[in-house]
**Student:** 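I am attaching a structure below and will ask some questions about it afterwards.
Atoms within a ligand are numbered from 1 in the order they appear, just like the ligands themselves. Along the sequence shown, the residues carry numbers beginning at 1.
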Amino acid sequence: MGEVINGKEESQKYKDKIVRFVSERKKKGLNIPCVASITVGDDGGSLYYVNNQKKVSESLGLKFKSIFLDESITGEELISTIEELNKDCTVHGIMLQLPLPNHIDAKLVTSKINANKDIDSLTDINTGKFYKGEKAFIPCTPRSIINLIKSLNIDICGKNAVVIGRSNIVGKPTAQLLLNENATVTICHSRTQNLKDICKKADIIVSAIGRPGFITSEFVSEKSVVIDVGTTVVDGKLRGDVVFDDVIKKAAYVTPVPGGVGAMTTTMLILNVCEALK
Ligand code: NAP
């Protein structure tokens, strides 16, 4: 029987550090970190996410500015909002909730965020620096994944890691972070052949595909560390890619959904704001 990787507990360790950082700044009379979040339209998912970010940020002592813009706003108007926030020295991190409405060029708009305030790592400047190994904001979900793996105190160096999924926001940056830790990384996707066999040989499996119940105990071995990134709502419940009850009987470590990777991501975002201020 494997062990559960508890994202909530791990997240709390970072939250404690953030609270200490903010309270020390307050004591010294220094400015405290401030996030500005821009939401266009009233997509239910984004609103839930923003409200949660606000609640967590404020509970840790940060300032949080929510900007809600009408769905009919033009790309130019959105860019001018971003440029105002770029100039505002009381704002240290800018979050643009995606996706944007279809009439707005998301690539153009995200490129306008000041790279020093790009806490969600959306700009090409940050992405380029990240893949070149230069100092850059690390995308929040991949940062949560690597920190959960590191929390196990296993030596990642030289291990075989399989990342299933090759999206720009999860799969690719996660593979890069594992590579930075000197893992031997295989990236799989929908055209990969013999996925089960590839996974079975891996020490670390990160599943980021969004197919509930896809990863069963047939994909893992006794040594596997299994990180479930998938989040799909099925019959009103959040489900991961991994059949948790089945996989935990065989693998060494598994993250639950909810309570695994997702429990860390907002905290990683706030950590990025604190680093932006530093
Ligand atoms: P995405 O852009 O849809 O990418 C999914 C990836 O999975 C693609 O690369 C796709 O391959 C691959 N894939 C799909 N079906 C597959 C299969 N049967 N076998 C192997 N690979 C397959 O999704 P994403 O944005 O990366 O997100 C992935 C999941 O993570 C979603 O459930 C999302 O909700 C979740 N997520 C969670 C968090 C969190 O904080 N917990 C954050 C972000 C995302 P192709 O490239 O060949 O199409």
**Student:** Show your working on salt bridge (charged side-chain N to carboxylate O under 4.0 Å, His left out) between Glu10 and Lys13 and close with a plain yes or no.
**Tutor:** CA-CA 5 Å; Glu10 199 48 33; Lys13 291 182 197 162; 2.9 Å; yes
**Student:** Could you check whether any heavy atom of Val229 sits closer than 4.0 Å to an atom of ligand 1, since that is the contact criterion I want to use?
**Tutor:**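 It does; at least one heavy atom falls under 4.0 Å.
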**Student:** Counting from 1, what ligand 1 atoms have a heavy atom of Gly165 closer than 4.0 Å?
**Tutor:**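 Every atom of ligand 1 under 4.0 Å from some heavy atom of Gly165: 6 (C), 7 (O), 9 (O).
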**Student:** Using a 4.0 Å cut-off to any heavy atom of Ile164, which atoms of ligand 1 qualify?
**Tutor:**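 Close to Ile164: 20 (C), 21 (N).
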**Student:** How far does OG of Ser72 sit from NE2 of His103, to the nearest 0.5 angstrom?
**Tutor:**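 Here the rounded value is 7.0 Å.
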**Student:** To the nearest 0.5 Å, what is the distance between CG (Leu269) and CZ (Phe137)?
**Tutor:**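 Interatomic distance, Leu269 CG to Phe137 CZ, rounded to 0.5 Å: 10.0 Å.
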**Student:** Any idea which of Ala208, Ser190, Cys188 brings a heavy atom closest to atom 5 (C) of ligand 1?
**Tutor:**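 The nearest heavy atom belongs to Ala208.
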**Student:** Quick test of your reading of the structure: of Arg166, Arg239, Lys172, whose heavy atom lies closest to atom 8 (C) of ligand 1?
**Tutor:**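 That would be Arg166.
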**Student:** Step by step, work out the side-chain hydrogen bond (donor to acceptor under 3.5 Å, both in side chains) result for Gln12 and Asp16.
**Tutor:** CA-CA 6 Å; Gln12 191 56 47; Asp16 294 344; 2.9 Å; yes
**Student:** Is atom 47 (O) of ligand 1 less than 4.0 angstrom from at least one protein heavy atom?
**Tutor:**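 When distances to the protein are checked, atom 47 (O) of ligand 1 has a heavy atom within 4.0 Å.
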**Student:** The test is salt bridge (charged side-chain N to carboxylate O under 4.0 Å, His left out); show your working for Glu58 and Lys54 and say whether it passes.
**Tutor:** CA-CA 6 Å; Glu58 290 177 348; Lys54 181 175 165 63; 2.9 Å; yes
**Student:** How far apart are the closest heavy atoms of Cys140 and Asp120, and which atoms are they?
**Tutor:**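 Reported closest heavy-atom pair: SG-OD1, 3.8 Å.
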**Student:** May I ask which of His189, Met264, Arg211, Met268 has a heavy atom nearer to atom 14 (C) of ligand 1 than the others do?
**Tutor:**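 Going through His189, Met264, Arg211, Met268 one by one, Arg211 has the nearest heavy atom to atom 14 (C) of ligand 1.
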**Student:** Taking 4.0 angstrom as the limit, do Lys65 and Asp88 come out as a salt bridge?
**Tutor:**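 Salt bridge present between Lys65 and Asp88.
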**Student:** Considering only heavy atoms, does Thr231 approach ligand 1 within less than 4.0 Å through its side chain, its backbone, both, or neither?
**Tutor:**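 Looking at Thr231 and ligand 1, atoms from backbone and side chain both fall under 4.0 Å.
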**Student:** Which of the atoms in ligand 1, numbered in the order shown and given with their element, are less than 4.0 Å from a heavy-atom of Phe214?
**Tutor:**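 Answer, ordered by atom number: 18 (N), 19 (N).
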**Student:** Which residue holds the protein heavy atom closest to atom 29 (C) of ligand 1, what is that atom called, and what is the gap in Å?
**Tutor:**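 Looking at atom 29 (C) of ligand 1, the protein heavy atom closest to it is Gly210 N, 3.8 Å.
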**Student:** Taking the minimum heavy-atom distance to atom 23 (O) of ligand 1, which of Gly240, Ser167, Gly171 ranks first?
**Tutor:**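 The option holding the nearest heavy atom is Ser167.
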**Student:** Before giving the answer on side-chain hydrogen bond (donor to acceptor under 3.5 Å, both in side chains), spell out for Ser217 and Asp246 the whole-Å C-alpha distance, their side-chain angles and the decisive distance to 0.1 Å.
**Tutor:** CA-CA 6 Å; Ser217 56; Asp246 179 32; 3.0 Å; yes
**Student:** Mind checking salt bridge (charged side-chain N to carboxylate O under 4.0 Å, His left out) for Glu9 and listing every partner two or more places apart, or none if nothing turns up?
**Tutor:**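 Glu9 satisfies salt bridge (charged side-chain N to carboxylate O under 4.0 Å, His left out) with no residue once adjacent residues are dropped.
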**Student:** So which protein heavy atom does atom 12 (C) of ligand 1 come closest to, and at what separation?
**Tutor:**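 Looking only at protein heavy atoms, the one closest to atom 12 (C) of ligand 1 is Ile209 CG2, 3.7 Å.
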**Student:** Under 4.0 Å from a heavy atom of Gly230: give me the atoms of ligand 1 that qualify, with their elements.
**Tutor:**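 Selected atoms, number and element: 29 (C), 30 (O), 32 (O).
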**Student:** Out of Asn168, Thr265, Val170, Ile215, who gets a non-hydrogen atom closest to atom 27 (O) of ligand 1?
**Tutor:**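 Among Asn168, Thr265, Val170, Ile215, the closest heavy atom to atom 27 (O) of ligand 1 belongs to Val170.
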**Student:** Below 4.0 angstrom from a heavy atom of Gly262, which ligand 1 atoms are there? Numbered from 1 as shown, please.
**Tutor:**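 Those atoms are 40 (O), 41 (N).
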**Student:** If the cut-off is 4.0 Å to any non-hydrogen atom of Ile169, which atoms of ligand 1 fall inside it?
**Tutor:**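 Contacts of ligand 1 toward Ile169, numbered from 1: 25 (O).
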**Student:** Among protein heavy atoms, which sits nearest to atom 42 (C) of ligand 1, and what does the distance come to when rounded to 0.1 Å?
**Tutor:**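 Nearest neighbour among protein heavy atoms for atom 42 (C) of ligand 1, to 0.1 Å: Thr141 OG1, 3.2 Å.
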**Student:** How about CD1 on Ile125, more than 12 heavy atoms from neighbouring residues, nucleotides or ligands closer than 6.0 Å, or not?
**Tutor:**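 No, because the 6.0 Å sphere around CD1 of Ile125 holds 12 heavy atoms or fewer from other groups.
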**Student:** Got a salt bridge between Arg143 and Glu275, using NZ or NE/NH1/NH2 to carboxylate O under 4.0 Å?
**Tutor:**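 Judged by the 4.0 Å cut-off on N to carboxylate O distance, Arg143 and Glu275 do form a salt bridge.
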